**Q** 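My structure is below; once you've seen it, I'll send some questions.
If you're wondering where the values come from, they're calculated on a predicted model, not measured in any experiment.
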There are 2 protein chains.
Amino acid sequence: MEPATSLRERKKAATRLALHRAVVELAAAKGLDAVTVDAVADHANVSRRTFSNYFANKEEALLYGERTRYERLLAALRARPENETPWQALTRSVGILVEALAELDPVWIAQLRVVRRHPSLAAHQMALQCTVEQELVGEILERMQRHQASSDPVADAIRARVLAGTFLAATRAAITVWINQQESLSLADVVDAALRTAAERLR
Amino acid sequence: MEPATSLRERKKAATRLALHRAVVELAAAKGLDAVTVDAVADHANVSRRTFSNYFANKEEALLYGERTRYERLLAALRARPENETPWQALTRSVGILVEALAELDPVWIAQLRVVRRHPSLAAHQMALQCTVEQELVGEILERMQRHQASSDPVADAIRARVLAGTFLAATRAAITVWINQQESLSLADVVDAALRTAAERLR
DNA sequence: CCACAACGTTGCCTAGTGTGCAAAGTTTCC
DNA sequence: GGAAACTTTGCACACTAGGCAACGTTGTGG
């Protein structure tokens, strides 16, 4: 997790993180709409132009944490043993997401609040999941070719996409439900329940 | 389908449609990035300001057709008999989507194919589906209370969300696969296959 | 240690966007 | 026919994304 590369790399990572934290902080305080890119850059002590070198817009900066969590998930997925089926590998990797969330970072909580309250962010979050889905599909297809290879490539493509979409829908459902009622249910349990619901025969 | 209301309403609908068609046409010709809102408004013979009265941005205008199709789907779903289970009602409503596409001009569909390859649009489509998902969840919850009412509201919430997400993931998968290979497979068959894949036990 | 290459940061600039406002044009309704 | 309700439009303004080139900082080979 800590490649500890060159000074250059570390500085870049620090700037990226500073920008991310700046936008979360400002958005939590004033609402995302009232936050300008200028203000974010100021708050992170870089120029307006530098912000654009790191993120395309403030939503992307805001969801940077989300993105890294999904990247961790993908890495975990790729590290699963080759002999696991796609669904096995997925369900056994999802713990990574939960753990990442379980580091009850106050920044993360503030971020979730903002994301939930601001509808335009939901769109960007979906956009993010869209790219994740593409990568999931690729990984799933590879695994399928080792396990359930069928003679029909179209059927395989459908299967891989349905699988990826269902998995993401289930985790999304779990997180939504978990956020919507801040009682003592553990996120791990909710995610688990959602994945089992998805895996069972529907209806 | 034709409420045939006042002149005012009809004019507004015409303008909205003109803007939608303008953006599709221009995007198919030059690529979405090379299309400005100004150009779209010009092409539809309205001012740039008027464009903003109808759509927030060009992507929204481009996906207007998609949105109306989903609205038809929701209407069809609500019209299903009350005694059908959620999944039954969903799978029996989905024909509406396919029919709506089938009504379209083949030239139009070719344009859609071109435009839809643009990756940034996938994100906006996801955002659209996000709002649809909300409504699906509401409808599914109502049906579940008539059929599979459980004592655990959290489990019900999870189930409804997983169901909605899976359904949308399956139709999305079908449409993606269908678009990606412009052979003679009928969309109806692909959608059917995807929904059956989703309904079967995963793994 | 130094010079040079590679890379990051910044300011400037331009085309484009989204939206409030008020004036002018339409449609509706009595 | 004329007032009320609504739509379109132009204008203004603050903001955004990204190309470009100058300037700093970091890495590297002699």
**Q** Check the distance between C:dA6's P and A:Lys12's NZ and give it to me in whole angstrom.
**A** 16 Å
**Q** Go through the steps for A:Glu133 and B:Arg172 under the test salt bridge (charged side-chain N to carboxylate O under 4.0 Å, His left out), then give the verdict.
**A** CA-CA 12 Å; A:Glu133 197 180 279; B:Arg172 186 153 26 87; 2.8 Å; yes
**Q** Rounded to the nearest Å, what distance is computed from the CG atom of residue B:Asn53 to the C1' atom of nucleotide D:dT7?
**A**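 The answer, rounded to whole Å, is 8 Å.
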**Q** Of the options B:Glu71, B:Glu135, B:Glu142, which is the one that meets B:Arg78 in a salt bridge (charged side-chain N to carboxylate O under 4.0 Å, His left out)?
**A** B:Glu135
**Q** Whole-Å distance between D:dG18 P and A:Phe55 CZ?
**A**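 In whole Å, D:dG18 P and A:Phe55 CZ are 14 Å from each other.
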**Q** Taking only residues two or more places apart in sequence, or in another chain, which ones meet A:Asn83 in a side-chain hydrogen bond (donor to acceptor under 3.5 Å, both in side chains)?
**A**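 A:Asn83 satisfies side-chain hydrogen bond (donor to acceptor under 3.5 Å, both in side chains) with no other residue.
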**Q** Using side-chain heavy atoms (C-beta onward) and a distance below 4.5 Å, is A:Arg92 in contact with A:Glu84?
**A**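 Of all side-chain heavy-atom pairs linking A:Glu84 with A:Arg92, at least one is under 4.5 Å.
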**Q** Give me the residues of residues 24-35 of chain B where at least one heavy atom lies under 4.0 Å from an atom of DNA chain C, by number, or none.
**A** none
**Q** For B:Glu139 and B:Leu74, run side chain to side chain contact (heavy atoms under 4.5 Å, CB included): C-alpha distance rounded to whole Å, both residues' side-chain angles, the deciding distance at 0.1 Å, then the answer.
**A** CA-CA 9 Å; B:Glu139 180 66 23; B:Leu74 279 167; 5.7 Å; no
**Q** Taking it one step at a time, do A:Ser52 and A:Arg48 satisfy side-chain hydrogen bond (donor to acceptor under 3.5 Å, both in side chains)?
**A** CA-CA 7 Å; A:Ser52 286; A:Arg48 160 82 181 69; 3.3 Å; yes
**Q** Could you check whether any side-chain heavy atom of A:Tyr70 comes within less than 4.5 Å of a side-chain heavy atom of A:Leu168, counting everything from C-beta outward?
**A** yes
**Q** Within the 4.0 Å limit for protein heavy atoms, which parts of nucleotides 24-30 of chain C are touched? Write it as a string from 5' to 3', B for base, S for sugar-phosphate only, - for none.
**A** --BBS--
**Q** Does any non-hydrogen side-chain atom of B:Asp189 lie less than 4.5 Å from one of B:Trp178?
**A**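 No; the side chains remain at least 4.5 Å from each other.
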**Q** Applying side chain to side chain contact (heavy atoms under 4.5 Å, CB included) to B:Leu90 and B:Leu73, what does each step give before you reach the verdict?
**A** CA-CA 9 Å; B:Leu90 283 169; B:Leu73 171 74; 6.0 Å; no
**Q** So, OP1 or OP2 of D:dT7: does either fall under 4.0 Å of a side-chain N or O from B:Tyr54?
**A** no
**Q** Table please: side-chain donor-acceptor pairs of residues 25-39 of chain A below 3.5 Å, with sequence neighbours left out.
**A**
| residue | atom | partner | partner atom | Å |
| --- | --- | --- | --- | --- |
| A:Asp33 | OD1 | A:His118 | NE2 | 2.9 |
| A:Asp33 | OD2 | A:His118 | NE2 | 3.2 |
| A:Thr36 | OG1 | A:Ala39 | N | 3.1 |

**Q** Apply ring pair (Phe, Tyr, Trp, His ring centres under 6.0 Å) to B:Tyr64 and list each qualifying residue two or more places apart in sequence or on a separate chain.
**A** B:His20, B:Phe55
**Q** Which comes earlier along DNA chain C counting from the 5' end, the contact point of A:Thr15 or that of B:Lys58, where each point is its nearest nucleotide?
**A**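 Nearest nucleotide further toward 5': that of A:Thr15.
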**Q** Specify the residues of residues 37-52 of chain B, ordered by number, for which at least one heavy atom lies under 4.0 angstrom from an atom of DNA chain D.
**A** B:Val46, B:Ser47, B:Arg48, B:Arg49, B:Thr50
